[in-house]
Amino acid sequence: VYYYQKMSDALRRFFRPALTTGSIDKPWFVSRGYLVFIPDIHYREGQAGQSVLESVVSGTRFVSERMYVDAERIGIQGHSFGGYETNFLAAHTGNLFTAAASAAGATNFISYLKHYDSRLYPGLYFDDWHLGAGGQYRLGGQSLWKSLNSYIANSPLFKAHHVTVPLFIMHNKGDFAVPWPQAVEFYIALRRLGRLVWLIQDDEGQHGVSGRAALNYTRCLTDFFNSYLLR
């Protein structure tokens with residue numbers, strides 16, 4: 001299952017076969033025996049995570065009723081905002097999914113705020129408006145101090161103890177959009193909880209990977225999903 005926000009406008013789009021640089025390359029996985037399901041997500045303000053949960057879970061359950069779908073071997077993957085969505089789903093869906101992979105996704109909106117420091121991340125172009133007062137994360141149009149519960153409820157880190165699905169994370173130190181420590185926080189929490197989690201990074205990469213790093217990432221991601229979904 002792959003998702004971002006609403007992608008039904010690409011229903012008849014031709015996806016060019018390529019390496020995975022962040023989001024999975026659909027033709028690559030379809031040609032290897034996978035069905036790739038891409039649901040639209042309908043959001044409510046202040047409840048981005050819950051909206052993801054409702055849309056992806058209901059869509060997955062609907063598709064899993066098809067005779068050609070193995071409901072016991074379903075994986076999820078997302079990049080950037082989709083990576084955040086993967087982290088949230090991993091922390092809120094129990095054993096529904098068999099394997100999860102996130103790339104460059106947020107995990108803790110409280111610590112996310114402190115990373116808006118150009119001295120640490122010169123290319124970071126977001127500000128607290130992107131988190132609280134509007135923008136993609138839809139945290140209710142309020143700052144942290146006015147909407148603390150929303151920041152916590154939408155942060156996957158605070159539900160790390162509920163993660164049971166094996167999680168493969170790709171995040172790079174040079175990420176200009178989502179700070180690399182977001183992945184480190186989640187990874188360390190899951191390791192301390194004894195969960196199955198992997199974190200890889202490319203020191204030359206930014207919000208995604210390219211070139212030889214993309215080849216390596218594609219191989220690692222494919223091996224990860226194959227080991228859990230095609231066994």
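Applying the ring-ring contact (aromatic ring centres under 6.0 Å, His included) rule to Y34 yields the partners F29; only residues at least two apart in sequence or on another chain are considered. Remark: F168 engages F224 in a ring-ring contact (aromatic ring centres under 6.0 Å, His included) (not counting sequence neighbours).
Ring-plane geometry between Y137 and Y84 is classed as perpendicular, the angle between the planes exceeding 60 degrees on a 0 to 90 degree scale with a lower cut at 30.
The CG atom of D175 sits 8.5 Å away from the CE atom of M170 when rounded to the nearest 0.5 Å.
Using a 4.5 Å cut-off on side-chain heavy atoms (C-beta onward), Y187 and H171 make no contact. Within the 4.5 Å cutoff, no side-chain heavy atoms of F88 are placed close to those of K159. Residues K6 and H42 are in side-chain contact: their nearest non-hydrogen atoms beyond the backbone lie under 4.5 Å apart. Inter-residue side-chain proximity for Q50 and R44 is flagged as met; some heavy-atom pair is nearer than 4.5 Å. In this structure, the side chains of I110 and L148 come closer than 4.5 Å at one or more pairs of heavy atoms. Using a 4.5 Å cut-off on side-chain heavy atoms (C-beta onward), R191 and V197 make contact. Residues T21 and Y217 fail the side-chain proximity criterion, which asks for heavy atoms closer than 4.5 Å. You'll find the side chain of F81 reaches within 4.5 Å of the side chain of Y4, heavy atoms only.
D9 CG: more than 12 foreign heavy atoms inside a 6.0 Å radius.
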Run the side chain to side chain donor-acceptor pair (under 3.5 Å) test on T20 and D25 for me, step by step, so that the C-alpha distance in whole Å, both residues' side-chain angles and the decisive distance to 0.1 Å come before the verdict. CA-CA 5 Å; T20 292; D25 182 71; 5.9 Å; no

Worked verdict on V63 versus L35 for side chain to side chain contact (heavy atoms under 4.5 Å, CB included): CA-CA 10 Å; V63 170; L35 170 71; 4.2 Å; yes

Applying side chain to side chain contact (heavy atoms under 4.5 Å, CB included) to V165 and T93, what does each step give before you reach the verdict? CA-CA 9 Å; V165 62; T93 53; 5.7 Å; no

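Heavy atoms only, all atoms of each residue included: D203 and K173 are closest at OD1-CD, 4.4 Å. Residues L221 and A101 approach most closely at CD1-CB, 3.5 Å, considering heavy atoms. Closest non-hydrogen pair, T222 versus R32, comes out as CG2-CD, 4.3 Å. Among all heavy-atom pairs drawn from Y3 and E85, the shortest one is CD1-OE1, 3.5 Å. Of all non-hydrogen atoms in F158 and H161, the two that sit nearest each other are O-CE1, 3.3 Å. In this structure, S8 and D40 approach most closely via the heavy-atom pair OG-OD2, 2.7 Å.
There is a side-chain donor-acceptor pair under 3.5 Å between H207 and S80. Under 3.5 Å, the side chains of S111 and Q182 contain a donor-acceptor pair of N or O atoms. For E185 and N108, the side-chain atoms include at least one donor-acceptor pair closer than 3.5 Å. Between the side chains of N87 and T107, not a single donor N or O lies within less than 3.5 Å of an accepting N or O.
Cluster membership check: W145 shares its hydrophobic cluster with I152, using side-chain heavy-atom separations under 4.5 Å among Ile, Leu, Val, Met, Phe, Trp and Tyr. Connection of F15 to V30 is not established within any shared hydrophobic cluster, with ILVMFWY side chains joined at heavy-atom distances below 4.5 Å, either directly or through further cluster members.
Relative to the ring axis of F14, R12 does not place its NZ or CZ within 45° and under 6.0 Å from the centre.
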